Amino acid sequence: MKEMQTTYDPKDFEERIYQKWMQENCFRAEIDPAKVPFTVMMPPPNITGKLHMGHAMDETMQDIVIRFKRMQGYSALWLPGTDHASLATEHKIVEKLHSEGTSKESLGREEFLRRAWAWKEEYGGEIVEQLKKLGCSCDWSRLTFTMDETCSRAVREAFCRLYEKGLIYRGSRIINWCPDCKTALSDEEVVHTEDAGFFWHFAYPVEGSEEKIVIATTRPETMLGDTAVAVNPNDERYKHFVGKTLLLPLTDRKIPVVADDYVDPAFGTGAVKITPAHDPNDFEVGLRHDLPMIRIMGDDGTMNDLCGEFAGLDRYEARKRIVERMKELGLLVKIEPHSHNVGHCHRCNAVVEPLVSKQWFVKMAPLAKPAIDAVVKNKTKFVPDRFAKIYFNWLENIHDWCISRQLWWGHRIPVWYCECGETIVAREDPKVCPVCGSAHLNQEEDCLDTWFSSALWPFSTLGWPEHTPDFDYFYPTDALVTGYDIIPFWVMRMMFSGIEYTEKVPFRDVLIHGLVRDEHGRKMSKSLGNGVDPLDVIAKYGADSLRLSLVTGVAPGNDTRFTEAKVESARNFINKIWNASRFVLMNVDCEVPDLKSIRLQPADRWIISRLMATIREVTVSLQKYDLGIAADRLIDFAWNDFCDWYIELSKPALYGGDPEKKKAALGVLLFVLENTLKLLHPYIPFVTEEIWSYLPGERGNIISEDYPRYNTKLSYKKEAKAFEGVIDLIKTVRAMKVEVSCPPSRKVHLFLVTEQRRLVCVNKQSILRLAGASEIDFIEKGEQAGDKTLSHVTEIGHLFVPLGDLVDIEKEKIRLQKELERVMGEIARADGKLLNKNFVAKASKKLVDDERAKKEKYLDMKEKIEQQLRLFSE
RNA sequence: GGGGGCAUAGCUCAGUUGGUUAGAGCGCACGCUUCACAUGCGUGAGGUCACAGGUUCAAGUCCUGUUGUCCCCACCA
């Protein structure tokens, strides 16, 4: 048999184990009518991405769930993929081209796309390799990229269906424009921050009058596009201006003063410049008053030809100049500091410019409704459910979705314009115009928002719109695991897309987790430089330690802090398991019997009982996605019950020289070890697989083993409870020795008044060993155990230990007195309940009985303590 | 302005549907070369569960309010 190394070193085997899983096809999910499918779609990481801590946690959680389900006998599919990330990738490639002294425009669309694909081939696979290092058990044979043929077909189908239903339209609306990326963005792609700015007060002269009206603005440059000034209709200060004409400074235009309820008289000056082409509110006001829309800015954020002397200037340079010019004209009234919300491009952080532009939109209201209903009706469940509120909040306040992007890398919008004016929307590229027959068709230049294809992910990956065997078997999916920050971008959109296209919710459960923060609770970010690279952690501690540290002590949906200390304690635990396994294996020198053929001792029944309870609790927790609770429970069982107690309890049998006893002990040790490893496997797959390979007998991979099942016949509840008395006895002796500073090596003589002599006798060797005792003698109640004796009431009986000179009677009297007070307190507390008629009447019978039993126990303790105190006083 | 989270031991956090004496890890104290493991073993100290009300036989847990703190959304120019 192979020998295990003395210390756990993940570098020895993690890579090898992963290779083995791959070679033996362990991750492959088959369509098996005899099994129930369980499907998880991996949120596809961007091809621009590198694995970060957030991914590490997200993927670990998915891997735990999928390994658990696989072991439970489901046909468990975890489908991996990567996302083309239209904007992010294009942004990166454009930067690269720039550094090479060229640009996407000079390359042209075709060449640019060729480079983009090359880029994808070169870097897009990096994250896949990183996922493998983490131990992800995804079905790589189904790896999908969002621009694969199957996804492209799904995108076209989805677009056409929505268009045909009238839910996609093209129109000129105010959209968020990023002047750096030179594309439109959706509302969700704009990040608002509270930025310090100024409030510039400008005076606009009234035509044919000496009067002026003062407006306040945060964006002076937009005044060149003003087509009105609005005041509140009830504002006495401005009533007489309404209907008058203003001379817009720096231009030769005349603009009206209009009355509109939108204006808040209490804010600013109470008069608002209206720039319908560059502000969403003003756009609405413009519509109401039929105002012209004048766009004064180009796609790159410079002022356009309509801006006269300011044409060609960057928007901020123009702002400066305009303020200067207004000052020269005596029309600058004042400048006051003003902080306000400014939208930034989530990709490049440039200040987003709201402007009117012709774009493609998805009409959201009809799609949002069913998506809300599905969660209301519990067809899809958020875990934890508080995130449903956030989901509702988003969908209830949703605006139409701007889906066109002025980008080349992505799914090109399947729309063609004919020279005759016809717009053709088609699943297949049309050759000629169906109306005029012309072959001069131009495809829409724009691409779709990345999230348009991500929204289809749960089914496009399975071959939809075809009814492929995969789609029919694995869809709808079961669990989606993602962070709360992705709800508006993705979860929501998958929901309404799934319902709209497949008439089914795309997933049954949405498991939401929080962010991984740094050890001070700050978000990990590039700018702060406080990010920890998961791969560094894996290199130092192994993937198992990282995985375990990311899911222990974390409540569902809550943010968590990453600390190296947590990884260390995970590593320590794994080392413990490693050594416990090594201990069991180094004692195996014979054929180990099956549990069924072993005559179980009380200690055996106790550990098996504990194992069963653990199996039950862990299974229930995992089914509820309580990964943290399940992990805590498992660690507690493995470390405390199994390693610290049972292994120590088994030593007399192992070393006692009786081969039959040794065989029996080994049988139980192996049984518990095997089950513990299986339970731990979803969390720490590598080390459990490695240890598994050392276990005696012919066996396959632990990854493909059945998950342990709770077995009522092995629950031994009563016996386990009784055995706790032995443990309590041992703990009491240890505590007594510490109390009197008795060296651990000094063996003590125990005297016990107990009704459970048999239980004590059977475990005598263990008790002597673990308590550091030389002998146990039974005595009768009231019988003396000698002078200078300490006593303790334990679960199993009244314990007396003669400790000779170590005993300080006075100190002991004080301790007993304190103990007596505590016990009396407990009795009073129990009485408080039991003497309360309402408690006795309304609480469950079990509760009342338990309370009575407790009181009896404490009364008994009280008597014994008093007896000892009397003894000392004599 | 709207929505949500959090407040429990020195620190980081768990605490399922209300029900034993509120837990863990780290840290701290004392003691241990016990033949798997010092990445270890044993024993222990440490909490009026933010505050104030309420519901209940029973509240860390449910309800209302207060305070502190963090986050998300929002078109106050």
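Every heavy atom of this structure was used, including side-chain atoms; hydrogens, water molecules and symmetry mates were not. Note that the coordinates shown come from a computational prediction; the quantities given were computed from them, not determined experimentally. A note on names: the letters A, B, ... follow the listed sequences, proteins ahead of strands, and every chain is numbered from 1.
- Comparing the same atom, P, in G5(B) and in C63(B) gives a spacing of 10 Å after rounding to whole Å.
- Distance from the side chain of K389(A) is smallest for G5(B) among the nucleotides A14(B), C37(B), G5(B).
- Spacing between atom CG of N572(A) and atom P of A24(B) amounts to 18 Å, rounded to whole angstrom units.
- One interatomic measurement links the two molecules: CZ of R852(A) to C1' of G19(B), which rounds to 16 Å at whole-angstrom precision.
- If you check every strand for non-hydrogen atoms under 4.0 Å, W578(A) touches nothing.
- Cation-pi geometry between K651(A) and F583(A) is satisfied (NZ or CZ under 6.0 Å from the ring centre, within 45° of the ring normal).
- Atom CD1 of I647(A) is separated from atom C1' of A36(B) by 7 Å (rounded to the nearest Å).
- OP1 or OP2 of U34(B) has not a single side-chain nitrogen or oxygen of R769(A) nearer than 4.0 Å.
- In terms of the side chain to side chain donor-acceptor pair (under 3.5 Å) criterion, residue partners of D400(A) (sequence neighbours excluded) are, by chain and number, Y169(A).
- With a 4.5 Å cut-off on side-chain heavy atoms, L185(A) and W177(A) do not count as touching.
- Remark: F392(A) engages no residue in a ring pair (Phe, Tyr, Trp, His ring centres under 6.0 Å) (not counting sequence neighbours).
- Straight-line distance between the P atoms of G65(B) and A58(B): roughly 23 Å, to the nearest whole Å.
- As a whole-Å value, the separation of I629(A) CD1 from G25(B) P is 16 Å.
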Nucleotide N/O to protein N/O under 3.5 Å, stretch nucleotides 54-60 of chain B:
from   : atom 1 : to      : atom 2 : distance (Å)
C57(B) : OP1    : K842(A) : NZ     : 2.0
C57(B) : O2'    : N836(A) : ND2    : 2.9

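- For the C1' atoms, the distance from G27(B) to U12(B) is 11 Å, rounded to whole Å.
- A donor-acceptor contact under 3.5 angstrom links the side chains of Y484(A) and D559(A), judged on distance only.
- Atom CZ of F387(A) and atom P of G4(B) are 12 Å apart (whole Å).
- Rounded to the nearest Å, the gap between the C1' atom of A9(B) and that of G47(B) is 5 Å.
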Short heteroatom pairs, N/O only, protein and nucleotides 42-46 of chain B, under 3.5 Å:
from   : atom 1 : to      : atom 2 : distance (Å)
G42(B) : O3'    : R734(A) : NH1    : 3.3

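- Atom P of nucleotide C76(B) and atom CG of D279(A) are separated by 10 Å, given to the nearest angstrom.
- Residues that satisfy the salt bridge (Lys or Arg N to Asp or Glu O under 4.0 Å) test with E194(A), not counting sequence neighbours, are absent from this structure.
- Residue K651(A) places its side chain closer to A36(B) than to any other of A14(B), C13(B), A36(B).
- A cation-pi arrangement, defined by a distance under 6.0 Å to the six-membered ring centre and an angle within 45 degrees of its axis, is absent between R219(A) and W200(A).
- Atom-to-atom, CZ of F267(A) to P of C76(B) comes out at 9 Å; the value is rounded to the nearest Å.
- Heavy atoms of A565(A) sit nowhere under 4.0 angstrom from any nucleic acid atom.
- Backbone-only engagement by N558(A) is indicated by non-hydrogen atom pairs under 4.0 Å involving sugar-phosphate atoms exclusively.
- Rounded to an integer number of Å, the gap from CD of E617(A) to P of A14(B) is 19 Å.
- A side-chain donor from one of E189(A) and S186(A) sits under 3.5 Å from a side-chain acceptor of the other.
- With sequence neighbours excluded, no residue forms a ring pair (Phe, Tyr, Trp, His ring centres under 6.0 Å) with H344(A).
- Rounded to the nearest Å, the gap between the C1' atom of U20(B) and that of C13(B) is 24 Å.
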